[in-house]
Structure formats: C-alpha cells, structure tokens
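One structure is given below, encoded as structure tokens.
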Amino acid sequence: MAATSTTATVTPLLIHLLRGATDHASVAATHAKLLKVGTASAVSSCNHIIAAYCRCGVTARAHDLFDGMPERDVISWTALMSGYSSTGRPRLAVSLLRDMSHSGVPPNAFTFSTAVSACARLADAGLGRKVHARAEVEGYASDAVVATALVDMYGKAGDVEAARAVFDGMAAPARNAVSWGSMLSVYAQNALGREAIQLFAEFRTKGNFMAPNHFMLSSVVNACAGVGRLGVGKSVHGTALRFGHGCNGVIVVALVDMYSKCGFYEYSRKLFDRIEHPSVICYTSIIVAAAKYGLGRCALTFFNEMIDRDVQPNSVTLLGVMHACSHSGLVDTGLHLLHSMQSKYDIHPCASHYTCAVDMLGRAGRLEEAFELANEAQVEGRDALMLWSSLLSACRTHRRLDLATRAAHRVSEFNQDVAGALVVMSNAYTSAGQTDNAAAVWSNMRRRGIQKDPGCSWIEIKDIPYVFYAGLVSPSGARAGEVMMLLDELEGKMREKGYKGGLGSSRVFDAHEEDGEDGKGEMVGVHSELLALGFGLLVIPKGMTITLQDGVMFLQ
DNA sequence: GTAGGGTTAG
C-alpha cells in the first residue's frame, strides 16, 4: 500500500523533472528512477522519456526505448519523428510516417505537421507533395498548423505557387499571424521582395487588425533589402517601433542589413552603435555592410572588437571579413585569415572561403598564387565551378590568356552550367585579338546546344520597369543611340581620371555625376547594368540617387 | 508527451 502511494506521488514529479531536463545525463538519471519506481513502462511515461532523449539529441536511446514498447500510440511515433527531424535526419522522420501506418496507428495533425516540416528541412517538394496528399486524404490538410507547415515546406522547396495555393486555400479564421508570416517569408526567401511587400500591405488591411509580430516584420525588412525599397523599409521600421519591436535583435539585424543594401551605410552604423551586446549575426551584418562600402579597415576593427568581447565568429563572419579584405586590397590580411581560421577560431575553411581568397588574389593580379590555392582547395561540384569561373574571369581581366585557357579547362571538367565561363573565355580571346578562337568557342557552344541566358537589368521610373539585355543596344523606344554615346563619354572620363573602366555592382551613383569605382578590365560588349544605368542617367532628374544592386536599379 | 514562421554570405 505504502509502495503504491509512493509511486503515485513520485511519478508526476519525475515526469516534471524529465520535461525540464536538457542534457543526456539528467534524462538518463530520471529514466533510471522511473524504472526503479516501476512506472517507466507505461505508454505515457515512455513517451515522455522518448521526447526527453530526443530533446537532448540522443535519438538512438529514444529509438531503443521505442522499439522495446509493447504498444505505441500516435504520440510515441510523432515524438520520435520530431526527434529525427530536428537532429538532422529528416528523411528518416518521414519514413516513420509509412511505418506507423503499417503498424496500424493512424497519424493525427501533429504527425502531419511534423512530417511536413521534415520535408521542409529536406527542401524536397516531391516528398512533401506525397505527405500533403496523404494529409488531404486523412482530412488534416486544412488544419491551420498543417497548412502553415505546408506553406513553409513548398516555399523552402522553391515552389512558391504551391505555397501560395495552400495559403489561399486556408479559411480566413485559420489564417493567423504565423500563417501570414510563413507566406511572407516564402516570398522573402525566394527573392520575391515585391510580392512580400504587397502581401504585408494586404495583411495590414485584411488581416483582421492582427498586430504584426517580429517574425513578419523581419521578413518584410529583409524583402525591402532584397529589392532596395528604402521607403517601405523605413516605414516598416516605424511600424516595428510602434509595435514595440524596435529592440528585437532579429529585426535590428534585418534593418542594419536593409539600410546598408539600400545605400545608407550611415543608418546601419547608427543602428548598430546603439546595440549594447551585438550578436555574431549583428557583427557579421555590419562587417558585410562595411565590406560592401569598401571600408575594409573598418570591417577589421569590428572583427577585432567582437573577438575582444568574446563573441565567437562563425563561418559567415569569416567570409565577410575576407570579402572586406578582398574589396579593400588587404590581400595578405585576407590570406592570413584563411590560413588561421581553423587554429584561431575553430572554423574549417570551406569552398566559399577558398573561392573568396582565389578571387582576392585574382583581383590583385596574383594569378599564379591564385592558381596554386585553387589547386590546393579540396572543392567539388558546383563549388568548384564557381571557384574556377572566378579565376577565369580574373585571368581575362588581367589579360593572361595562357592562364585563362587553363582555368577554362578546369571549368569544363565539371560539365555543369558552363555557359557563363565559355562566354568569359570567348571574351578573353576577343580581348587578346584572337577573334577566330572567340568564334570557335561560340560555334562549339552552338554545336553542344549550350545557351547563355542574356544578363538582364531593369530600371524603374515612375513604377514602369524598363528592361535591358546584355549586348542589345536597341530596346524599343529607349533612346539607344543616346545611351551608348553617354556611356562612351563616361568611360572616357573614367579613363582620364585613371580608372581602368568597368562598373561593379552594389554601388551608389549620383545622377550625372558618377563616383569612382575600383572595377577592373574594359567593356567587352555592353553590360546590361550599364545600359539600364545609362538610360536612367538620361531620363531621371539631376541629383536623384540611383542604387545599383545585383543588376537591378533603384531610384531614391 | 508530439506541431507552424524570422536575422548574417555568394
């Protein structure tokens, strides 16, 4: 009798302990006590223990326990599934969905949302569609959480239309702040900033007066950064302040990033300076911003400051600092970072760090060293394509046809999307006066059916986009002759001032008065950005600012 | 006991 009452009072206490446990040792200790008391084998106890092991990442123990259960309910299956999904084995999580059906336990809404989120982690729309179909058959697809997970899954898998279809299919009451936020981030993550901004406006008018939360606000700010909409970004900044999210770390980071991408480094700097304890991401963000503005030494100061303040840098931070070095000609500092990041910060240099370093050496004209490093780097697949393509461009810029040929050879080994590299190679031959070889590259491309999508840029003037394609100087009605004359004139002026010509991306120009630039190499053919910029310079009022960003132009 | 969204790079 005494034993029974002890069991009855002790078990809930132990379960409570399990819920709060975050490390393997304490979960195992509590598990042992439950075994002693004799209540560890009840289905509900087992579920708690499984969940606890999963929470601290010990899925193997959880699975052992699961295997030993005489019967399992939907929670046992879902808990294990969730454990695998959140510890980097989402495919295994999805396969449990099939197993549980075979064992006669029907899934519920929790199970489907877990399975869908595992598909999201895999970014596998094919698998996601299968799970979606099953949820539909079982009647759970209209559940708010399942539907929101589906929106997120399709978005992460790049199928924006499917995400929107699920979102549109949700009944109005089922659309809560999370589902709006999820759809918003789908647009933001898929580089559809305009759509994200539009959806946010829709939310403000049709969202039943729901208050925007920090998830949504950071997505919208991010969208504004992506499309250079400073005006909207500022107003969202105001909204964030009004709703008390002005101090939210994630929003502040997004704002720092947005202002710098919209051409206002000073605002980024001001915001950053007000942050008391900047996170790694905050530091990374301001370092990247400084790098973009050619403030290499400033970026290094931020980096040293974060190290002094015991903020551990990550792989992205190091890449940002290296970019800063690259864009400010601090080549040896950048190389030193590459070689010391493992020992100093315990960060293993990956393909992007090597690509950045190779690009840095290439820009500086240290092509032999760049080759040596590129050969040393153990890089494969698409990463290798990027690395060698970047080196190829540098060879062309520095008119080293011999090395360009070698780089082009390496690029062709990857047999992937080599069109861009072949165009660079053909341009390299043209620059060297070897027009026959240039023509041979083109005919080779035609024979192999390789096509290069023409680069395209556009400029928005009074909400009308004017689109320009690389090399095509006659967009309908867009004053082609004048554009070309203006570009020639500008290029001439740049040469007079000693610039080697060429215009980079992410630079701010004042209309009719162009800032200096450190780009190298000369114009071969006509870049689409230049066409759009030239057109903009002709038609927009003097003194207005044009921001160039990855081939898109904005007026402010 | 099991479920949904956000920030940094290229």
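Per chain, numbering begins at 1; letters A, B, ... match sequence-line order.
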Ring pair (Phe, Tyr, Trp, His ring centres under 6.0 Å) against [X], all qualifying residues, sequence neighbours excluded:
X        : result
A/Phe110 : none
A/Trp77  : A/Phe66
A/Phe200 : none

Within the structure shown, what part of the strands sits under 4.0 Å from [X] by heavy-atom distance: base, sugar-phosphate, or nothing?
X        : value
A/Ala177 : base
A/Arg175 : nothing
A/Val288 : sugar-phosphate

Of residues 74-85 of chain A, the positions that come close to DNA chain B - non-hydrogen atoms, cut-off under 4.0 Å: A/Ile75, A/Thr78, A/Ser82
Sub-4.0 Å heavy-atom contacts from residues 91-116 of chain A onto DNA chain B, ordered by number: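 Those residues whose heavy atoms fall under 4.0 Å from DNA chain B, taken from residues 91-116 of chain A in numerical order, are A/Phe110, A/Ser113, A/Thr114.
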Let's see if you can work this out: which of [options] has an atom nearest to the side-chain heavy atoms of [X]?
X        : options              : value
A/Ser219 : B/dG5, B/dG6, B/dG4  : B/dG6
A/His323 : B/dG4, B/dG10, B/dT7 : B/dG10
A/Lys292 : B/dG10, B/dG5, B/dT8 : B/dG10

For [X], what residues pass the side chain to side chain donor-acceptor pair (under 3.5 Å) criterion, not counting sequence neighbours?
X        : answer
A/Arg164 : A/Asp168, A/Tyr187
A/Asn176 : A/Ser179
A/His63  : A/Tyr84
A/Asp99  : none

Polar contact flag, side-chain donor to acceptor under 3.5 angstrom, A/Thr317-A/Asn314: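 Short answer, yes.
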Pair of N/O donor and acceptor under 3.5 Å linking B/dG6 base with A/Asn222 side chain: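 Answer is no: no donor-acceptor pair is held.
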Donor-acceptor pair (no angle test) under 3.5 Å: A/Asn176 side chain, B/dG4 base: yes
